[in-house]
Peer 1: 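Input: one structure, supplied below.
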Amino acid sequence: MTVQITDCTIRDGGYLMNKNFSPEFVKSIMKNLADAGINFVETGFLQTKVNGESIVYHNSKDVVKYLPLDRKNTQFLGFCDNSRYSIDDLDDYNGQSFKWMRISFGKHEIDPSLRFCAEAQKKGYIVQFNPMDAIGYSDEEWKSLVSKVNEVKPGSFSLVDTFGAMHLSDLIHFFKMTDEVLDKDIKIGLHSHDNLGLSNALAETMMMLAEESGRDIIVDGSLFGMGRGAGNASTELLADLINRKYGGNYNLPLLLDTINEFIIPLRESINWGYDLPMFICGTKRAHVDNVYHLQKTHNCSISDMYEVISNLSPSDRTRYGNHYSKTDFSALEKEYETIKSK
């Protein structure tokens, strides 16, 4: 059993910067993460539509300018959302850029995402396969998905806590169910959001489960937990735990210096982490765009926000815009007006 880390600072943290970090920031973060021994590092966003953002790429060639000359043993990742990227835009792997691909997708996008995975592998990539909102699947739906994944055989298959709503009991249930059905050569990953303050506890719980089963796993984090909304598990906390209990050899002083030099100063202008709006998203399994809209449009109170989100249907809570359309907030607006008219 091995435990590895994927760092998502550039990608998840990039949301907070409108996908525009300075080139110097991106280069420094990538180099330091590699020097610290982090196993996988996300590089940003692969999108069919590119508007000039610094960490949005059309294909792997656009990423090369940021990658360190000496990558040590670190693998870099190209990330795409199924609704925002086409396999036709992905160039063949040529050894110059990232070797690993990560695709994220909704339940209604399973079949095209499986095809993307198969085609990416034909082009020479290894895939981290990330179905969004694991706990939104029934047991039967999840087992069916895992069976399909076994036919494609990606490098890893992740439990993704899209809305920060996963509890430890959920993690235990889905890990054991996945571990039972998933091909033993495929690693199980975990990508969580800290809406309920459980991201690091979820990761530690999965390490304990993996130790019992012998499954190789990958846990996701970001430096200082930097990410949209409540953020993620913290890379430095994961690294410290793995060093102490699972034979890791990550360079903690370098990670801490990197956070102090590059991440902490960002807190002066942007915010992330647990707060009450993020708690509402987590406890109601709702997308963060809902609370952002209520805050921006109505300066909504916390109690009203809680009531509005509570009254939405499950499908309206989790709805978000894709590459071609904005989020439809009509149901949200209707509930807000209903509450204010009382």
Peer 1: Could you pull out the closest heavy-atom pair between N32 and T258, with the gap in Å?
Peer 2: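 Shortest heavy-atom contact: ND2-OG1, 3.0 Å.
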Peer 1: Of N39, N243, T235, which meets side chain to side chain donor-acceptor pair (under 3.5 Å) against Y250?
Peer 2: N39
Peer 1: What is the ring orientation for F279 with Y306, classed by angle as parallel under 30°, tilted 30 to 60°, or perpendicular over 60°?
Peer 2: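 If you compare the ring of F279 with that of Y306, the planes turn out parallel.
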Peer 1: Going by heavy atoms in the side chains, are Y246 and M1 under 4.5 Å from each other?
Peer 2: yes
Peer 1: Calculate, to the nearest 0.5 Å, the distance between atoms CD1 and CD1 belonging to I38 and I5 respectively.
Peer 2: 4.5 Å
Peer 1: Check for a donor-acceptor pair, side chain of D62 on one end and backbone N or O of H58 on the other, with a separation under 3.5 Å.
Peer 2: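 Yes; at least one donor-acceptor contact below 3.5 Å.
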Peer 1: Tell me, with the steps shown, if K153 and D183 meet salt bridge (charged side-chain N to carboxylate O under 4.0 Å, His left out).
Peer 2: CA-CA 8 Å; K153 296 192 184 305; D183 189 299; 2.7 Å; yes
Peer 1: Looking only at side-chain N and O atoms, does Q4 offer a donor or acceptor that is under 3.5 Å from a partner on K187?
Peer 2: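 Side chains of K187 and Q4: pair found under 3.5 Å.
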Peer 1: Between the side chain of D91 and the main-chain N/O of N59, is any donor-acceptor distance below 3.5 Å?
Peer 2: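 Flag not set: sc D91 to bb N59 has no pair under 3.5 Å.
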Peer 1: Is any side-chain heavy atom of L16 closer than 4.5 Å to one of M226?
Peer 2: yes
Peer 1: Considering the options K122, R115, Q121, which one meets the side chain to side chain donor-acceptor pair (under 3.5 Å) requirement together with E119?
Peer 2: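 The residue from K122, R115, Q121 that satisfies side chain to side chain donor-acceptor pair (under 3.5 Å) with E119 turns out to be K122.
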Peer 1: Would you check if the side chain of S234 reaches a backbone N or O of L237 as a donor-acceptor pair within less than 3.5 Å?
Peer 2: no
Peer 1: Can you tell if the side chain of L294 reaches within under 4.5 Å of the side chain of L332, non-hydrogen atoms only?
Peer 2: yes
Peer 1: Among F79, Y66, F45, which one satisfies side-chain contact (heavy atoms from CB on, under 4.5 Å) with Y57?
Peer 2: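 Result for side-chain contact (heavy atoms from CB on, under 4.5 Å) with Y57: Y66.
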Peer 1: Looking at N51, is its backbone amide N or carbonyl O close enough to the side chain of E53 to form a donor-acceptor pair, meaning the two atoms are under 3.5 Å apart?
Peer 2: yes
Peer 1: Check this for me: D139, atom CG, are more than 12 non-hydrogen atoms of other residues, nucleotides or ligands nearer than 6.0 Å?
Peer 2: yes
Peer 1: Give a yes or no answer on whether the side chain of D7 reaches the backbone of L33 with a donor-acceptor pair at less than 3.5 Å.
Peer 2: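 Such a contact is absent between D7 side chain and L33 backbone.
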Peer 1: Going through the distances and angles, do S192 and D220 end up as a side chain to side chain contact (heavy atoms under 4.5 Å, CB included)?
Peer 2: CA-CA 7 Å; S192 63; D220 288 9; over 6 Å; no
Peer 1: Indicate yes or no: at least one non-hydrogen side-chain atom of F329 is less than 4.5 angstrom from one of N290.
Peer 2: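 F329 vs N290: side chains touch.
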Peer 1: Under a 3.5 Å distance rule, please check whether Y125 uses its side chain to pair with a backbone N or O of R102 as donor and acceptor.
Peer 2: no
Peer 1: State whether F76 and K99 meet the cation-pi test: NZ (Lys) or CZ (Arg) under 6.0 Å from the six-membered ring centroid, and within 45° of the perpendicular axis.
Peer 2: no
Peer 1: Which atom pair, heavy atoms only, marks the closest approach of S104 to D81?
Peer 2: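 So the two residues come closest at O-OD1, 3.2 Å.
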Peer 1: Set out, in order, the CA-CA distance, both residues' side-chain angles and the distance that settles salt bridge (charged side-chain N to carboxylate O under 4.0 Å, His left out) for K184 and D179, then state yes or no.
Peer 2: CA-CA 8 Å; K184 295 302 180 184; D179 188 44; 3.5 Å; yes
Peer 1: Side-chain donor-acceptor pair under 3.5 Å between T48 and D89, yes or no?
Peer 2: yes
Peer 1: First locate atom NZ of K340, then atom OH of Y336, and finally report the distance between them rounded to the nearest 0.5 Å.
Peer 2: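 If I round to the nearest 0.5 Å, the distance is 4.5 Å.
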Peer 1: Between the side chains of D133 and T162, does any donor sit under 3.5 Å from an acceptor?
Peer 2: no
Peer 1: Just checking, is any N or O donor in the side chain of D12 or N232 under 3.5 Å from an acceptor N or O on the other one?
Peer 2: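 Present: a donor and an acceptor within the cut-off.
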Peer 1: Could you grab the distance from atom CG of D289 to atom CG of D328, nearest 0.5 Å is fine?
Peer 2: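 Spacing of CG (D289) from CG (D328) equals 12.0 Å.
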Peer 1: I want to check something: taking the side chain as every heavy atom from C-beta on, are R267 and F224 in contact at a cut-off of under 4.5 Å?
Peer 2: yes
Peer 1: Can you check whether A210's main-chain N or O pairs, donor with acceptor, with R215's side chain at less than 3.5 Å?
Peer 2: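 Not confirmed, R215 side chain does not pair with A210 backbone.
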Peer 1: Hey, does the Lys NZ or Arg CZ of K107 hover above the aromatic six-ring of Y137, less than 6.0 Å from the centre and inside 45° of the axis?
Peer 2: yes
Peer 1: S222 and T9: side-chain donor and acceptor closer than 3.5 Å?
Peer 2: no
Peer 1: Which class fits the ring pair W142 and F174: parallel under 30°, tilted 30 to 60°, perpendicular over 60°?
Peer 2: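 Answer is perpendicular, since the angle exceeds 60°.
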Peer 1: Is D92 atom CG crowded by more than 12 heavy atoms from other residues, nucleotides or ligands, each under 6.0 Å away?
Peer 2: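 Count over threshold, so yes.
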Peer 1: Would a 4.5 Å heavy-atom cut-off, applied to side chains only, mark T318 and F163 as touching?
Peer 2: yes
Peer 1: Just by distance, do the side chain of K284 and the backbone of C281 share a donor-acceptor pair under 3.5 Å?
Peer 2: no
Peer 1: Given side chains that start at C-beta, do those of H191 and D161 come closer than 4.5 Å, heavy atoms only?
Peer 2: no
Peer 1: Is there side-chain contact between L223 and F262, with at least one heavy-atom pair below 4.5 Å?
Peer 2: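 Not touching, per the 4.5 Å side-chain cut-off.
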Peer 1: Check T74 against A34 and note the closest heavy-atom contact, atom names and distance.
Peer 2: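 Scanning both residues, the minimum pair turns out to be OG1-CA, 3.2 Å.
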